[in-house]
Amino acid sequence: MTNGINELLGSDVILVIGSNTTENHPVIGSKIRQALKLGTKLIVADPRKIELSNDADTYLQIRPGTNIALVNAMMHVILKEGLENKEFIKERTENFEKLEDAVKDFTPEKAAEICEVDPEDIRKAARLYAKAERGSIVYCMGITQHTSGTNNVMSMANLAMLCGQIGRESTGVNPLRGQNNVQGACDMGALPGTYTGYQPVIKPEVAEKFAKAWGVEELSLKAGRTVSDMLNAAAHGDIKMLYIMGENPMISDPDLTHVKHALEHTEFLVVQDIFLTETAELADVVLPAAAFAEKDGTFSNTERRVQRVRKAIDAPGLAKADWVILMELMNKLGYSKTYNNPSEIFEEIASLTPSYAGIDYARLEEKGIQWPCPNKEHPGTSYLHKGVFARGKGMFMGIDYKYPAEMPDEEYPMTLTTGRVLYQYHTRTMTGKVEGLNKKVPESYVEINPDTASKLGIGNGDKVKVSSRRGTITVKAKVSDIVEESVVFIPFHFAEGAANMLTNAALDPGCKIPEYKVCAVNLEKAV
Amino acid sequence: MVNLTINGIQFQAETGLTILQAARTQGIYIPTLCHDERLVAHGACRICVVEVKGARALMPSCSTPAAEGMVIETQSPTVVEARKEILRLMIENHPLDCLTCEKSGNCTLQNLCYEYDIKEGGFNGKKKNYPIDDSNPFFTYDPNKCILCGRCVRVDNELQCTGAINFIERGFNTHVGVAGDREFDNSVCVSCGNCVSVCPVGALMQKQPEKFRYWDIEKVRTTCSYCGVGCQMDLLVKNNKVVGVEPVDMEPNNGLLCVKGKFGYKFLNHPDRLRTPLIRKDGVLKEASWDEAMNLIASKIKDFKKESGPEAFGALSSARCTNEENYLMQKLFRAVIGTNNVDHCARL
Ligand code: SF4
Ligand code: SF4
Ligand code: SF4
């Protein structure tokens, strides 16, 4: 997020797009609703009539995978009506002509056809956002999990820069991170192309700095493989050993048949987790890990706030904290560095990472600190891009709308979109073991519009066969007008009736995100 | 700044504070029941009344602005008698089953009755006789113990913003409930438990898988491990077991949690937790010692590295693990094994 969570309370217009906030980031959902009580206006764009759509001043029920068409048309309206922030564009951005070109012909009428919404609502949304004193965009996986994910994200930046809605308090672009420490995992360099703090692995001076600090002769200058790449390489035998810590790709990844094939073909698979997950069942060695309440450390939340995790109880049996296991393995491999406490690891991180440099456990004792925090006196940073962007001038991009990789056709006439629900979490490694949560949402289901259901002779609670080019699952029907007639929704959490048996592994060419949010399916009543 | 005198102590307080807030800056204790710093005070329970010199009646300190020159008594005989009267009225129709009530020790009503020596209501009033609502899987509501402080209703409507509960009926029959007097589970309630966290008595209570009393508990402050909001919470620990979770009133969550943070901790003690390393032998995963497991992994790494080089390795790190652990994972693969094949499911 460019801004702190509580800054949302000060925004006068919030655009929520591709985020079912009240279910997936419930406390931020509550904060948005608190803001509405203070007079904030809300625009919601989502293929499902999510809870927040009821609170919205303008709600756009767009077709899955049409974000760019919507945003291009909004920008078309803003330019046509002269609502852009000319001063901001002049002072702080470049490449504006590219954007003008791209949206010149993108009328609300054109977008309305693609998104299947009323063109007047697009105009309303555009005016509301552009005229806001402090406008905030909130988005989540509905933006990123597409073959056009990178372009979607750039569209958000385009829209914000066009209206000068960035770089001030309560004014910015706020991607919500899904899992508790996605932000931290990225910050820490658990990415194929970067060390901590996004320092690129291909830069010799960066590699040299880390090599020196770590006491090794040299470090690879070649960017590594992404998750999807690794799985492909494993399937082809190019990767011999995979080490999976606390992840469950056997539920979470697209096209599970392919994932299973890849993991089975990995010569040596190590899985470290707190339960014997679907992925761990395929492992050659399983290592028992401590859960969050059984260890010390830090998480970085979606607003870049580094916060303490504290040990409250002992891990069961012989289970050990992940950091202990990793350290012991390093030592066994002849790398002798030891740490007595995660705080010592954190000191090493801070010494190598400018944005974390001013943070230490003593400062975190009282409360969390938002990076960038360059030195010990620095209070942390609530909002980013004040006065100047990291790269200097903000770069506009001309982005053309592209259809999702797989569109409905005769054989697979419906569009499937996937997501999470309030009472479950990710692959249910944890929530699946909590009785009350399972009582609330015990099994997978498919949301079907009442008209579609009656056409197919499907009643609420009936078993339905859902198939795509990649597989077939049978799940219960949940008949509801939360979705439109041509769209169905399945939560991805469940191993039984796994949505990711159906999803398309087609990747965004830039950031390699699979297109979880759109694929073509067929529905029939199961007999 | 305004000049105040509370219990004979003269001091300056910032302008715009209530009497309660001003008193607290000096460490002067005034009891409260319905008060919540996050909400606009509404003076419902009146337990916080104080005597302001020159005023005709006692004033609720939570909602009375501290004005220049006020002389205030927080423990005068009139104040104490007024508080006693309020407490007598409250317990007059309150079930006195403190011996078995899980809230005992952490109940504001019980604590205040102790402080003010109230043993019974003394009016021989009618007891309430409502059915207990245990439809929600995570908590129960016993309207008979409710003192109508309104905190749950206000938190649900003004902070959580779900609007599932409200006051129903009037007079003696006033109680908190779901519109139409339906059960919690049959409402828009999202089981966040934020109402449970603020109830000062044992009316809204978490369903306990095991019994504990508040004095058995040690609190450990930590960060929720579910979504990226990163809510701050206190784990309630008894005998090496987490038995409850309370939200903390600080950034970013300001005393709110969702159902996962509040009630989703029970996986910790689940019997299916992995307790030993496992090694596949003859196609089956069998229990092994740490030494066996680590030696096997280390020898495989050495072999593959010799045969196929560092690019034959890949690591999936974790958005579930700590920063320190993610750091060590990439360090292991980059510095010790020699590849940048490190990623995690950020995109998923
Ligand atoms: S649990 Fe949450 S949603 Fe339900 S009544 Fe209480 S505050 Fe409202
Ligand atoms: S249930 Fe608890 S919080 Fe709600 S009004 Fe009654 S006593 Fe107050
Ligand atoms: S309590 Fe809920 S909203 Fe808060 S971090 Fe945990 S899962 Fe997210």
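Every chain is numbered from 1 and lettered A, B, ... according to where its sequence line falls, protein lines coming before strand lines. What you see is a predicted model, and the numbers here were worked out from it, not measured in a lab.
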Top residue by heavy-atom pair count (under 4.5 Å) with chain A, among [options]?
| options | result |
| --- | --- |
| B/Ser289, B/Cys192, B/Gly338, B/Pro277 | B/Pro277 |
| B/Thr339, B/Asn239, B/Ile337, B/Asn295 | B/Asn295 |
| B/Gly230, B/Ala293, B/Cys321 | B/Cys321 |
| B/Thr222, B/Asn240, B/Asn326 | B/Asn240 |
| B/Trp290, B/Phe333, B/Phe313 | B/Trp290 |
| B/Pro137, B/Ala312, B/Cys258 | B/Ala312 |

Max heavy-atom pair count under 4.5 Å with chain B, selected residue of [options]:
| options | result |
| --- | --- |
| A/Ala319, A/Ser300, A/Gly432 | A/Ser300 |
| A/Glu218, A/Glu267, A/Met327 | A/Glu267 |
| A/Lys295, A/Arg308, A/Arg310 | A/Arg310 |
| A/Ile349, A/Val216, A/Ile32 | A/Ile349 |
| A/Ser220, A/Gly297, A/Ala234, A/Ala190 | A/Ala190 |
| A/Lys439, A/Lys240, A/Glu303, A/Gln424 | A/Lys240 |

Contact origin within [X] toward chain B - heavy atom pairs under 4.5 Å:
| X | value |
| --- | --- |
| A/Ile5 | side chain |
| A/Ala321 | both |
| A/Ala280 | backbone |
| A/Lys332 | both |
| A/Met330 | both |
| A/Glu366 | backbone |
| A/Leu219 | side chain |
| A/Ala211 | neither |
| A/Ala223 | backbone |
| A/Lys320 | both |
| A/Thr266 | neither |
| A/Glu23 | backbone |
| A/Val285 | both |
| A/Leu231 | neither |

Where the side chain of B/Arg221 meets the backbone of B/Leu235, is there a donor-acceptor pair that is under 3.5 Å apart? no

Verify, without hydrogens or angle tests, whether B/Tyr226 (side chain) and B/Gly264 (backbone) share a donor-acceptor contact under 3.5 angstrom. yes

Tell me whether the NZ or CZ atom of B/Lys300 lies within the 45° cone about the ring axis of A/Phe268 and under 6.0 Å from its centre. yes

Tell me, please, whether A/Tyr195 has B/Arg334 positioned over its six-membered ring: NZ or CZ under 6.0 Å from the ring centre and within 45 degrees of its axis? yes

Between [X] and [Y], does at least one N-O distance fall below 4.0 Å, as a salt bridge requires?
| X | Y | result |
| --- | --- | --- |
| A/Lys311 | A/Asp314 | yes |
| B/Glu311 | A/Lys222 | yes |
| B/Arg273 | A/Glu294 | yes |
| B/Glu251 | A/Lys367 | no |
| A/Arg33 | A/Asp55 | yes |

Between [Y] and [X], do the side chains contain a donor N or O and an acceptor N or O under 3.5 Å apart?
| X | Y | value |
| --- | --- | --- |
| B/Asn254 | A/Lys31 | yes |
| B/Gln330 | B/Ser317 | no |
| B/Asn194 | B/Gln160 | yes |

Quick check on the 6.0 Å ring-centre criterion: do B/Phe184 and B/Phe139 meet it? yes

Tightest non-hydrogen contact, residues B/Ser197 and B/Pro247, listed as OG-CD, 3.3 Å

